[in-house]
Amino acid sequence: MAKPQKTAISPTRAENYPDWYQAVIRGADMAENSPVRGCMVIKPWGYAIWERLQGALDRRFKATGHENAYFPLLIPLRFIEKEAAHVEGFAKEMAVVTHHRLTAKDGRLVPDAPLEEPLIIRPTSETIIGEAFSNWVRSYRDLPLLVNQWANVMRWELRPRLFLRTSEFLWQEGHTAHADEKDAREETMRMLEVYREVAEDELAFPVICGEKPEFERFPGAVNTYCIEAMMQDGKALQAGTSHYLGQNFARAANIKYQTEAGDWELCHTTSWGVSTRLIGALIMTHADDNGLKLPPRLAPTQVVILPILREAEDRARVMPFAEELCKAVSAQIFSGEPIRAKVDARDYPAPDKRWEWVRKGVPVILEVGPRDLENRTAAFTRRDRLEEKKAILPDSEIALRIGGFLSDIQGSLLHAARAFRDRRLRADIADLAAFTAAFSGDEDNSFASSLGFVRAPWCGEDATQETLKALKVTIRCLPFDQPKSLGPCVLTGKPAVAEAIFAKAY
RNA sequence: CGGAGUGUAGCUCAGCCUGGUAGAGCACCGUCUUCGGGAGGCGGGGGCCGGAGGUUCGAAUCCUCUCACUCCGACCA
């Protein structure tokens, strides 16, 4: 006889955080590993979440004047060679296509017909989009050029983890060209703000906006800005980046425009992206020992109605009521859209189905059984308050209040994530000894520790990288909101140039 | 590419030391009792024991080679 588990996910976060993360993905049926190492199969539930995220982002891209386009997966090798820093940054993780035919040899298929010039599978598309832009831009009247693409990219990762770091991943990459620096810089910040908004309003987790120090920049960028989130084990996760590329890529790809005066000028370009990694962030922010917890705005299904069928004849009586309740809930509006509700009529035991939806993170579960028919009631459960006793509510009240409940869950998740982040953000570390102590906790079990972000002044010197490396700590960003006066550098005691967010990171 | 380890049922693994012809739990299928906090009984299907070679009357087990994967390190959305 199987012992009933206390939690739906095993191991728990406290027992083994990395294994817990994998178990949540398996338990929610979101994704699995593929035969190709580093690549993942995104299953319908995981992909539905990605589609919701895509929608939230795409709406905002369109609202800020961008258009979608699609550029090729394969890029000529020489393109990537054009920008020196870019080459250096990506060369080590490139998938290269060298042949265009297979031929049978000794009973096996072997590559045949080498390409004259090898092709790389895009790790990002700056170079090939730059090439296109150089043809598209002629006059100052063509600018700004605002393009986004939804695509897959490939970076040959040696240590993959589902959603967080896979060799192939899905993302969007925005690419824009502008007449002058000011316009391009405004674009860079505008899109970072879009990311902040999506993180907080849709994904329901707070982020710190700031700039990356020079050695953490995107290869080839003049400035890299980011949103940084804190996971439940106190580690940082870069959730989105926006780059001001200056004229570096314009120079490499020859993106020039003619000014009103008739002179030729190089464009200023930007690029910005977020990926399926956000789903990893979503998991590690909100999920608990019973599985995923979805913010209602992002949930593919917001309300599941579970018929409880004890006797054979219950079906005929309960199902119509369940359908009616579903219809009433679906007629309600939350966040500008009809509420996404469904009846789970599958022929599995109700408790099994209930726990499946718990693991999948559906915000609200309504159970309707024979006992509910007379008074037209349902048992109401909130995923974020699983420990509470189920409330028995009349169907009219559910319809009336369901939007409010979802809104409340959305708010609660953000509030809880913000409270956690703030609790683990230390601003009281003043010297190297305290700094070292703050980051010397148990590496394997940081969920249960107090590991988190340290916010402290930094001198900006390259040499501090060595100190940080030894502690496996990185500078996540220099936050935009800087104090008027700075104390000495927490690492060296020298005069500081800015306050930085220090953290261990994914 | 360094260091460690693992390949046996869909999944997690036992069996290997001390060779004797394949096991458990979960999952799956059938059936009866179940179904509102995650059920139980009975029956059933499923494995060239990663691959090749060797030792042996006999190999999942011992030996050699090989392939693959996992974890840890250097690099990263």
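Remember, predicted model here, so these are calculated numbers, not experimental data. Any value given below was found using the heavy atoms of this structure, including those in side chains, with hydrogens, waters and symmetry copies removed. Below, chain A is the first sequence line, B the second, and so on; all start at residue 1.
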Once you round it to whole Å, what is the distance between C1' of G40(B) and CG of D352(A)?
-> 13 Å
Expressed as a whole number of Å, how far does the C1' atom of G15(B) sit from that of U21(B)?
-> 14 Å
Which heavy-atom pair separates P111(A) from H99(A) by the least distance, and what is that distance?
-> CB-CG, 3.6 Å
Considering Watson-Crick and G-U wobble pairs with both distances under 3.5 Å, what does G73(B) pair with?
-> C1(B)
Once you round it to whole Å, what is the distance between C1' of C11(B) and CG of N33(A)?
-> 13 Å
NA contact type, L306(A), heavy-atom cut-off 4.0 Å: base, sugar-phosphate, or nothing?
-> nothing
Within the structure shown, what part of the strands sits under 4.0 Å from T241(A) by heavy-atom distance: base, sugar-phosphate, or nothing?
-> nothing
Between K43(A) and D29(A), is there a salt bridge with N-O shorter than 4.0 Å?
-> yes
Tell me whether the OP1 or OP2 atom of A74(B) has a side-chain N or O from K92(A) closer than 4.0 Å.
-> no
Determine the contact category for F169(A): base if any of its heavy atoms lies under 4.0 Å from a base atom, sugar-phosphate if only primed atoms, P, OP1 or OP2 are that close, otherwise nothing.
-> base
Identify the pairs formed between an N or O of the protein and an N or O of nucleotides 42-45 of chain B at a distance under 3.5 Å, and give each distance.
none

Think K469(A) has a side-chain N or O under 4.0 angstrom from the OP1 or OP2 of C75(B)?
-> yes
Which one, A77(B), G37(B), G38(B), comes nearest to the side chain of K390(A)?
-> G37(B)
With a 4.0 Å cut-off on heavy atoms, is S271(A) in touch with a base, just the backbone sugar-phosphate, or nothing at all?
-> nothing
Paired with C49(B): which nucleotide, if any, by Watson-Crick or G-U wobble criteria at under 3.5 Å for both distances?
-> none
When rounded to the nearest Å, what value does the distance between C1' atoms of G58(B) and G20(B) take?
-> 7 Å
Going by an N to O cut-off under 4.0 Å, is there a salt bridge joining D233(A) and R13(A)?
-> no
Let me know the distance between CD of E168(A) and C1' of A77(B), rounded to the nearest Å.
-> 14 Å
Write down the distance between CD (E93(A)) and P (A77(B)), rounded to a whole number of angstrom.
-> 8 Å
For residues P213(A) and I475(A), report the shortest heavy-atom separation together with the two atoms involved.
-> CG-CG2, 3.7 Å
What parts of residues 278-301 of chain A reach RNA chain B, counting only heavy atoms under 4.0 Å away?
-> none
Watson-Crick or G-U wobble partner for U56(B), using a 3.5 Å limit on both distances?
-> none
Answer with yes or no after comparing the ring centroid distance for H175(A) and F71(A) against a 6.0 Å cut-off, counting only values under it.
-> no
Please examine the side chains of V24(A) and M284(A), heavy atoms only from C-beta on, and report whether any two atoms are closer than 4.5 Å.
-> no
Take N16(A) and Y21(A) through the test side chain to side chain donor-acceptor pair (under 3.5 Å) and record every step on the way to the result.
-> CA-CA 9 Å; N16(A) 186 331; Y21(A) 174 80; over 6 Å; no
At their closest point, which heavy atom of F205(A) faces which heavy atom of A239(A), and how far apart are they?
-> CE1-CB, 4.4 Å
Could you work out the separation of U66(B) and C48(B) based on their P atoms and round it to a whole Å?
-> 26 Å
Could you check whether L237(A) gets within reach of a base, just the sugar-phosphate, or nothing at all, counting any heavy atom under 4.0 Å?
-> nothing
For D29(A) and C11(B), give me the distance from atom CG to atom P, rounded to whole Å.
-> 15 Å
Tabulate protein N/O versus nucleotide N/O from nucleotides 32-35 of chain B, keeping only pairs under 3.5 Å, one per line.
unit_1	atom_1	unit_2	atom_2	d
C35(B)	N3	L309(A)	O	3.0
C35(B)	N4	L309(A)	O	3.4
C35(B)	N4	R310(A)	O	3.2

Take atom C1' in C63(B) and the same atom in U55(B), then report the distance between them in whole Å.
-> 7 Å
Would you check if there is a donor-acceptor pair between the side chains of Q149(A) and S125(A) at a distance under 3.5 Å?
-> yes
What's the closest nucleotide to the L158(A) side chain, out of G38(B), A74(B), C75(B)?
-> A74(B)
Of all residues at least two apart in sequence or in a different chain, which pass the salt bridge (charged side-chain N to carboxylate O under 4.0 Å, His left out) check with E367(A)?
-> R354(A), K390(A)
Taking atom P of C75(B) as reference, at what distance in whole Å does atom CZ of R217(A) sit?
-> 19 Å
Taking atom C1' in both U8(B) and G46(B), what distance in whole Å separates the two?
-> 14 Å
W355(A) stacking on G37(B): centroids under 5.5 Å, ring planes under 30°?
-> no
Between S242(A) and T188(A): side-chain donor-acceptor atoms closer than 3.5 Å = no
What integer number of Å spans the C1' atoms of U61(B) and C72(B)?
-> 30 Å
Paired with U61(B) by Watson-Crick or G-U wobble geometry, both distances under 3.5 Å: which nucleotide is it?
-> none
Is any side-chain N of the basic residue among R383(A) and D288(A) closer than 4.0 Å to the acidic one's carboxylate O?
-> yes
Hey, would you say the F439(A) and F502(A) ring centroids sit under 6.0 Å apart?
-> no
Across every strand shown, the nucleotide meeting Watson-Crick or G-U wobble geometry with U6(B) (both distances under 3.5 Å) is A68(B)
Assign each of E388(A) and R476(A) to its nearest nucleotide of RNA chain B by heavy atoms, then name whichever residue's nucleotide is nearer the 5' end.
-> E388(A)
Taking atom types as modelled, find out whether D372(A) and T377(A) have a side-chain donor-acceptor pair closer than 3.5 angstrom.
-> yes
Just call it for G273(A): base, sugar-phosphate, or nothing, with non-hydrogen atoms closer than 4.0 Å on any strand.
-> nothing
Separation between the P atoms of U56(B) and C42(B), rounded to whole Å | 47 Å
Between E211(A) and R476(A), is there a side-chain N and carboxylate O pair less than 4.0 Å apart?
-> no
Strictly under 6.0 Å, is that where the ring centroids of W50(A) and F169(A) end up?
-> no
Mind listing the side-chain donor-acceptor pairs of residues 300-312 of chain A below 3.5 Å, one per line with the distance, residues two or more places apart or on another chain?
unit_1	atom_1	unit_2	atom_2	d
Q302(A)	OE1	R340(A)	N	2.7
Q302(A)	NE2	P296(A)	O	3.0

What does the list of N/O pairs under 3.5 Å between the protein and nucleotides 67-71 of chain B look like, with a distance for each?
unit_1	atom_1	unit_2	atom_2	d
U70(B)	OP1	R37(A)	NH1	3.1
U70(B)	OP2	R37(A)	NH1	2.3

What is the distance from CD1 of I365(A) to C1' of G38(B), rounded to the nearest Å?
-> 11 Å
Which of these nucleotides, A77(B), G38(B), G37(B), is closest to any side-chain atom of Q238(A)?
-> A77(B)
Are R155(A) and E168(A) within salt-bridge range, i.e. N to O under 4.0 Å?
-> no
As its Watson-Crick or G-U partner within any shown strand, both distances under 3.5 Å, A27(B) has none
Rounding to a whole Å, what distance do you find between L192(A):CG and A77(B):P?
-> 15 Å
Partner nucleotide of G38(B) by Watson-Crick or wobble geometry (both distances under 3.5 Å) = none
Sticking with atom P, work out how far G7(B) lies from U12(B), rounded to a whole angstrom.
-> 12 Å
Which part of the nucleic acid does D372(A) contact within heavy-atom distance under 4.0 Å: base, sugar-phosphate only, or nothing?
-> base
